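See below for the structure under consideration.
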Amino acid sequence: MAEGVRPDMQIAVIACEIMKAEIEAAKGGDARIRTFYVDQGLHRTPSLMAGRIQEIVARVDGIVDCVVLGYGLCSNGIVGVGAGLQEMIVPRCHDCIGFFLGSPQAYLDDFHSRPGSYYLTPGWIAERKDPLSIIEDEYVPRYGRETAEWAKKEELKHYTHIVLVDTGVADLAPMREIGRRNAAFFGMSYLEIQGRSREFFSRLVHGPYPEGEFITIPPGGEITQALFIG
Amino acid sequence: MKPSGYQLIMSAMFKGEKGERPPAGNPTSIACHDLMDVTGVSFPEAHLNAEAMAELALAGHELIGFDTVMPEYSVDQEVAALGADVDWGDRTMMPDTKSFLYADFSDIVIPDDFLERPSMRVLLDALSILRRHVGGSAAIIGKAMGPWTLSYHMAGTQNFLLQIGLGEIDTVKRMVEQLMPVTIASVNAQFRAGADIVVVADHATGNLISATHYAELLLPYHQELTSQIDGPTILHVCGNCFDRLRHFAEAGFNAYHFEWQVDAKRAVETVGDTMVLVGNVNNAQTLLQGTPEDVHREARYAIEAGVDIIGPECAIPLSTPLENLKAIIAAVQEGY
Amino acid sequence: MSNHLEIIKEAIIGGKHKDVEELVRSALDDGVSANAIVNEAMIPGMDVVGKKFSNNEIFVPEMLVAAVTMNKGLDILKPILKQSGSKSKGTIVMCTVKGDLHDIGKNLVIMMLEGAGFDVIDVGVDTSVDKLIDAVKQIKPDVLGLSALLTTTLPEMAKVIQSLEANGMRGEVKVMIGGAPVDAAYSEKIGADGYGRDAAQAVEVARRLIV
């Protein structure tokens, strides 16, 4: 599959909802590509993730020529997913933040240069998964304001930066406002970066799939943790 | 009627009638990565957020089959409420106290609203949540730090132990005494919040201080403590404590949760008539690195020795495989 | 002279932290060399302390006081040792491994090694494998010392050695390990170069590894 998608191929992209905007932008009007999105809340319960993905694989099994997963290893959440009758392509990436920065290596580089980064992307902000929104939506109703704010502040003590990754799919101004508000509340610095996500998502949807960046699971094969390590 | 896990544990706690099998429980944490993945609750969230704490605690009961639930995974809830700066760690790293507020051994100030501080409130709320979910079916265990362990966090362990070495006995005793109200308040609040049992962790371990020092510096305080506590307690002290087992029995705790260094048979022979014993499957060699067969063998050894409640010796390593935890349950299900 | 050394050794063992400075000065006045005080009184004294600790005759408080006592003596001796131009016996990087925050044992070992004339760089507690690899690259120590108290963090020691191998650096540095859950069998199993039962033995191991 290293050569990528042939003109006559039917592709199913199964991805986390969080990257829907980026994938749809990359897909454009290409009718050969079908997209399926899975609720991002599953990243909290990785043990349920493989089952949900497998259900979708079953729906397209034998109908498409190739399945592409828009997931990182995600705390082993995708381990055990079977390719079915066709090849399956998986980005060689532990954490999907690498997608938004443009490559796994870009993520590692960014991580090493600034280890305390809390990343926000358009998808995360749209889902109200920035720390302040989590406080409001999930913590305050259950624990009251004081405990809610305390818990999140304690949880994020090590973070030094709120990093907004501009993937070019949404209006920057409201996201910037949310990013800045988070940074101010938690006493972090605010930073914007432009990853090379457009290129990454284009490769994800259209190939090519070079071995360094993507793993190709043969028909009948299954995702294992070992594929991602070493 | 088939007795519930709660009944088996409580009966064991009071040396009552034995059921058809020994109960399985762990007064310290059984949080591990596999359970985090299943529940979607990870560290540090599970130290900071009542529902997350409760959810992770439930997993050990519902998914593995332990007869107890215990929602505190750190030793820092009280010290955070006392104002210490706590690093809550991450998925792979346990929390730790970053600053020692009383390294100079000055008088300790306990805030009036100590039990209302967020780090205490989340623990108390988690116990209440567990009560609503599994009250009567699993024994709900709370956890409080004893005055000795609190002292380590207030003064710094090395600093605190050095004072003993230097013979500054009054300094040491004063700190322990001043921290007593913290432990007593924490334990009793946990009973009121919904705990059936509270474990008091107080690390006067055999590797750190002598049995003589335990008897001189801490035993009187433990006796005072247990006289002011309103429900059944388990003492947890790590390491080889064989030389002070009898002292523990004199301290007035109902039970002692012990590690592998103390042989189960010798423990039962020494204090089994006066204290309930909980433990002592080895964590590092057996639960973490061994096979389910190894775990089964050790759990059966403890059962046959007469240990009352069977479980891991201490908070389990985070990467402990689930099959090994399940092997403890398989061993108790074979009965006595 | 041997009398001075014997008295200082006993002072270390007994944790006579108030007397030790006086004893060291008096020994120096009588012409006993600083080197002899360290190597023939202090380290053998700590060796006895370590053995007593292993036998449960003494516990951490007593060991800490012995260490404080040695430190007070060393404060007097260090400037003299430096002046006499005695060369470093080698460089050692010390740490407590990832996930472990216990530093009492590590601190004791560092003090003993420094006393014995090694340059020691302490990279702290909860040290990740990556950080250690960086430290070895930059500092190029003769020995890397790994400490752990928790049985749960023992596997980290094996990871460090594997990572040194993976980075092609295993030949460049000797690895010695220690801590309550460590024993000779574990040391052999993970391919460490040496294991010290206690702080005093760590000095012997370091001497053996740096020839």
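Keep in mind the model is a prediction, meaning the values are calculated, not measured. Numbers restart at 1 for each chain; the letters A, B, ... are given by sequence-line order, proteins then strands.
- You'll find the side chain of E146(A) reaches within 4.5 Å of the side chain of R121(B), heavy atoms only.
- With a 4.5 Å cut-off on non-hydrogen atoms, S119(B) touches chain A through its backbone and its side chain both.
- To the nearest 0.5 Å, atom CE of residue M49(A) and atom CG of residue D37(B) are 10.0 Å apart.
- In this structure, Y143(A) and A52(B) approach most closely via the heavy-atom pair OH-N, 4.1 Å.
- Salt bridge annotation for D85(B)-K157(A): present, with a cationic side-chain nitrogen under 4.0 angstrom from a carboxylate oxygen.
- Within 6.0 Å of atom NE2 in H161(A), more than 12 heavy atoms from other residues, nucleotides or ligands are found, so the atom counts as buried in its surroundings.
- By the 6.0 Å contact criterion, CG on D112(B) is open, its count of non-hydrogen atoms from other residues, nucleotides or ligands being 12 or less.
- Partner E45(B) forms a side-chain contact (heavy atoms from CB on, under 4.5 Å) with one of E154(A), E155(A), K152(A) and no other, that one being E155(A).
- A 6.0 Å sphere centred on CZ of R196(A) holds no more than 12 heavy atoms belonging to other residues, nucleotides or ligands.
- To the nearest 0.5 Å, atoms CD (E116(B)) and OG1 (T147(A)) are separated by 8.5 Å.
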TODO: Show your reasoning for whether side-chain contact (heavy atoms from CB on, under 4.5 Å) applies to N49(B) and Y139(A).
DONE: CA-CA 8 Å; N49(B) 166 334; Y139(A) 286 16; 3.3 Å; yes
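- The number of heavy-atom neighbours closer than 6.0 Å to OH of Y37(A), taken from other residues, nucleotides and ligands shown, is above 12.
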